[in-house]
Peer 1: 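Below: one structure in structure tokens.
Along the sequence shown, the residues carry numbers beginning at 1.
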Amino acid sequence: MTVTVAFTDIECFRSSVSQRLGLHFHDSKLDVLADVLRLRMEDTQCARFSDYERIFSCPKEIRAVAERLTVCETYFFRYAEHFRAFTEVVIPDRVRRQAHQRRLRILSAGCASGEEAYSLAILIRSGLPDLASWEITIQGIDVNAVMLKKAVRARYPAWSLRDTPDKLKARYFLSAGREFALDDAVKSMVTFEERNLVEEDRSFWQRDSFDAIFCRNVIMYFTPEATASVIKRISQSLLPGGFLFLGHAETLRGISQGFHLRHTHETFYYQRRDAEEAQGSVDLSTDSVNNSSGSTGSPPIPFPTLLEPDDTWFDIIRRASERIANITDRRNSLTAAASERVHKQSPSSVAPPAIAWDRAPAIKLLREERFAEAIELLRGLPPGPKADQDVQLLLAVLLTNRGDLSEAERVCLHLLNLDELNAGAHYLMALCREHAADRDSAKRHDQAAIYLDSAFAMPHLHQGLIAKRSADLETAKRELGHALTLLAREDPARILLFGGGFSREALSEICRAELRACEGIL
């Protein structure tokens, strides 16, 4: 039978897929959903979507749809830096912590055809001291039953072993025609189970169940609600100090504050906080910021077409601030005099200062480069609003722009103690560390900001400038190019906060000028 699906049917199907599988499909993927829906309606002999919708509620059909919609591309030792961190950080850490119990429990969530789980088994078998005296549990779970059958079979084509070191390939795989069969000793270390991550099952997600969880390239396909729910269960099921590995495009920013962000082996991963360390998450809100990219009425800020060789990005910000300071001070003096005249003429018409925290006045002062007044305003807030992370981040921005780097760094460190996933605080820390001649630390904080928010232009610009001063022209060109691309679509509110007083156009021209300099074109 041939089935025709209406747009409303596709929308209902998308909603059902989101609810039952936690998967999010953007409008650009509606054609994929339409094809899957059409195929499933034909296979189940449903001429109308209303008939199919009833069938889609049963586990068998959910499984069939999951097989069509889940992405299963994987291979052994994919993202080698994660496995180096597992070998050199996770295993030694768990050996130390679990020395009394000698028990190691690993979960591969979204394991597909098993390559990830078996990679972990190989590394444990190769690197865990006194393996025979340990109780090892490695469990793979996935919603795709077809992939799980392949995992249990444990026979793989050469393409799946393309990143497997020759030594491990020779030791743990046997040639079987066009395939390679995994060694039985490794195969026996792993169990597989069909499981939908978005379904809550307290018998599985028991507290303190795992030492490490790999959940890579899974939550990127989930709805925000499903992601938050899954991460909450993962956090509860990890032992204190346990490790979580996500895909390179995935972060816990804005999702959970139950983890420390770790950065080793040129990669990022997470370690569960102890219960008493966990803090609530507060994202920077820009609701009160005028997101218009139009003129604010202030004079245009001059900017350099080419930076001096020894300039730091902080130096450029400071000079831009100083250039506008005189204009601002003259305008403020006139405004203050006018206000005083109005007060003398009609004191009753002047409203008393508001007690409640309102972002708008501080943002207005930032926009007008009146940093000292803005800092005084924030420091005069009542204790509750004053401790708000948004307030603290804005305070760090103002201190940086005014040139008080030591105090700005103190505020940033406080912020990062509360929220290690605050991309803005990491970027400001990078400026502070560069000014202190600690370029390595500056680069690490820039990299953290980029990892936590891939659309954040300013850390790329800053990394590009640092690389250029270090004569690393390839890195400089790459990072400046990224910054130029991202600036075209950067949020105007974030440019106001982190752009050092420069407009989008000025920042873009700085990138172009520095790129020309890297190519030797002035």
Side-chain angles (χ1 to χ4, degrees), residues 286 289-325 327 366-367 369 397 400-401 403 423-424 426-435 439 442-522:
T286 56
V289 180
N290 178 8
N291 284 336
S292 169
S293 59
S295 171
T296 64
S298 299
I301 301 173
F303 58 89
T305 55
L306 190 64
L307 308 189
E308 296 300 322
D310 295 329
D311 278 346
T312 67
W313 181 236
F314 165 71
D315 293 329
I316 305 305
I317 292 173
R318 183 182 57 193
R319 287 207 297 271
S321 301
E322 289 171 351
R323 277 193 289 270
I324 199 171
I327 299 171
L366 169 64
R367 189 184 295 278
E369 303 274 348
V397 168
T400 302
N401 280 272
H426 277 291
Y427 168 64
L428 294 175
M429 275 295 297
L431 298 184
C432 294
R433 287 291 82 210
E434 184 206 13
H435 185 66
R439 287 186 179 179
K443 287 165 61 177
R444 286 195 296 272
H445 281 288
D446 273 333
Q447 289 166 358
I450 291 167
Y451 164 73
L452 292 166
D453 190 344
S454 59
F456 195 177
M458 295 309 300
H460 285 287
L461 172 56
H462 189 221
Q463 283 223 109
L465 297 177
I466 290 176
K468 180 172 175 285
R469 285 194 295 275
S470 301
D472 183 359
L473 297 186
E474 289 305 311
T475 298
K477 288 188 286 186
R478 183 184 69 246
E479 294 300 322
L480 290 167
H482 284 324
L484 186 59
T485 300
L486 292 172
L487 280 168
R489 53 180 183 268
E490 181 64 275
D491 185 345
R494 192 149 64 178
I495 290 177
L496 172 64
L497 286 177
F498 300 110
F502 294 106
S503 67
R504 184 191 311 274
E505 293 73 21
L507 292 167
S508 298
E509 181 54 34
I510 288 172
C511 289
R512 294 188 191 98
E514 293 302 302
L515 283 167
R516 290 194 295 270
C518 288
E519 298 288 354
I521 305 172
L522 301 182

Peer 1: State, yes or no, whether a side-chain contact exists between L484 and L461 at a heavy-atom distance under 4.5 Å.
Peer 2: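 No, side chains not in contact.
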Peer 1: Please report the interatomic distance CE(M429) to NE2(H445), rounded to the nearest 0.5 Å.
Peer 2: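 With rounding to 0.5 Å, CE (M429) is 3.5 Å from NE2 (H445).
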Peer 1: Which heavy-atom pair separates A430 from H462 by the least distance, and what is that distance?
Peer 2: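 Between these two residues, the closest heavy atoms are O-CE1, 3.5 Å.
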Peer 1: Calculate, to the nearest 0.5 Å, the distance between atoms OG1 and CG belonging to T400 and L497 respectively.
Peer 2: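 Interatomic distance, T400 OG1 to L497 CG, rounded to 0.5 Å: 11.5 Å.
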Peer 1: Considering non-hydrogen atoms only, spot the tightest contact between A476 and G464 and give its length.
Peer 2: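 The answer is CB-O, 3.5 Å.
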Peer 1: So does R494 pair up with D453, basic N to acidic O under 4.0 Å?
Peer 2: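 Salt bridge flag = yes for D453 with R494.
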Peer 1: Could you pull out the closest heavy-atom pair between I466 and A442, with the gap in Å?
Peer 2: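 Taking I466 first and A442 second, the nearest heavy atoms are CD1-CB, 4.0 Å.
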Peer 1: Do L480 and R512 have side chains that get closer than 4.5 Å, going by heavy atoms?
Peer 2: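 SC-SC contact between L480 and R512 ruled out.
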Peer 1: Would you call E519 and K477 a salt bridge, taking side-chain N to carboxylate O under 4.0 Å as the test?
Peer 2: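 Yes.
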Peer 1: For E509 and R516, what are the C-alpha separation, side-chain angles and deciding distance, and is it a salt bridge (Lys or Arg N to Asp or Glu O under 4.0 Å)?
Peer 2: CA-CA 10 Å; E509 181 54 34; R516 290 194 295 270; 3.1 Å; yes
Peer 1: Scan for salt bridge (Lys or Arg N to Asp or Glu O under 4.0 Å) pairs involving residues 442-451, sequence neighbours excluded, and state none if there are none.
Peer 2: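 As it turns out, there is no salt bridge (Lys or Arg N to Asp or Glu O under 4.0 Å) pair with a partner in residues 442-451 once direct neighbours are skipped.
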Peer 1: Using 30° and 60° as the class limits, which term best fits the ring planes of Y427 and F498: parallel, tilted or perpendicular?
Peer 2: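 Taking F498 first and then Y427, their aromatic rings stand perpendicular (interplane angle over 60°).
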Peer 1: Could you pull out all residues at least two apart from I495 that satisfy side chain to side chain contact (heavy atoms under 4.5 Å, CB included)?
Peer 2: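 Per chain and number, I495 pairs via side chain to side chain contact (heavy atoms under 4.5 Å, CB included) with E490, R504, L507.
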Peer 1: Provide the closest heavy-atom pair for L473 versus C518 in the form atom of the first, atom of the second, distance.
Peer 2: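 Nearest heavy atoms, L473 then C518: CD1-O, 3.8 Å.
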Peer 1: Show me the pairs that pass salt bridge (Lys or Arg N to Asp or Glu O under 4.0 Å) and involve residues 479-489, at least two apart or across chains.
Peer 2: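 Qualifying pairs, neighbours excluded: none.
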Peer 1: For T485, enumerate each residue passing the side chain to side chain donor-acceptor pair (under 3.5 Å) test, keeping only those at least two apart in sequence or located in another chain.
Peer 2: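 By the side chain to side chain donor-acceptor pair (under 3.5 Å) rule, T485 matches no residue at all.
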Peer 1: Does the side chain of R367 reach to within under 4.5 Å of the side chain of L496, using non-hydrogen atoms?
Peer 2: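 Contact flag for R367/L496 side chains = yes.
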Peer 1: Of all heavy-atom pairs between I450 and P459, which one has the smallest distance, and what is that distance?
Peer 2: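 Closest heavy-atom pair between I450 and P459: CG1-CB, 3.6 Å.
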Peer 1: Under the rule for side chain to side chain donor-acceptor pair (under 3.5 Å), what residues qualify as partners of S508, not counting sequence neighbours?
Peer 2: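 Partners of S508 under the side chain to side chain donor-acceptor pair (under 3.5 Å) test: none.
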Peer 1: Minimum heavy-atom separation for A423 to A449, with atom names?
Peer 2: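 For A423 versus A449, the nearest heavy atoms are O-CB, 3.5 Å.
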Peer 1: To the nearest 0.5 Å, tell me how far L431 CG sits from H426 NE2.
Peer 2: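 The CG atom of L431 sits 13.5 Å away from the NE2 atom of H426.
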Peer 1: What's the separation between atom NE2 in H460 and atom CE in M458, rounded to the nearest 0.5 Å?
Peer 2: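 Separation between the atoms: 11.5 Å.
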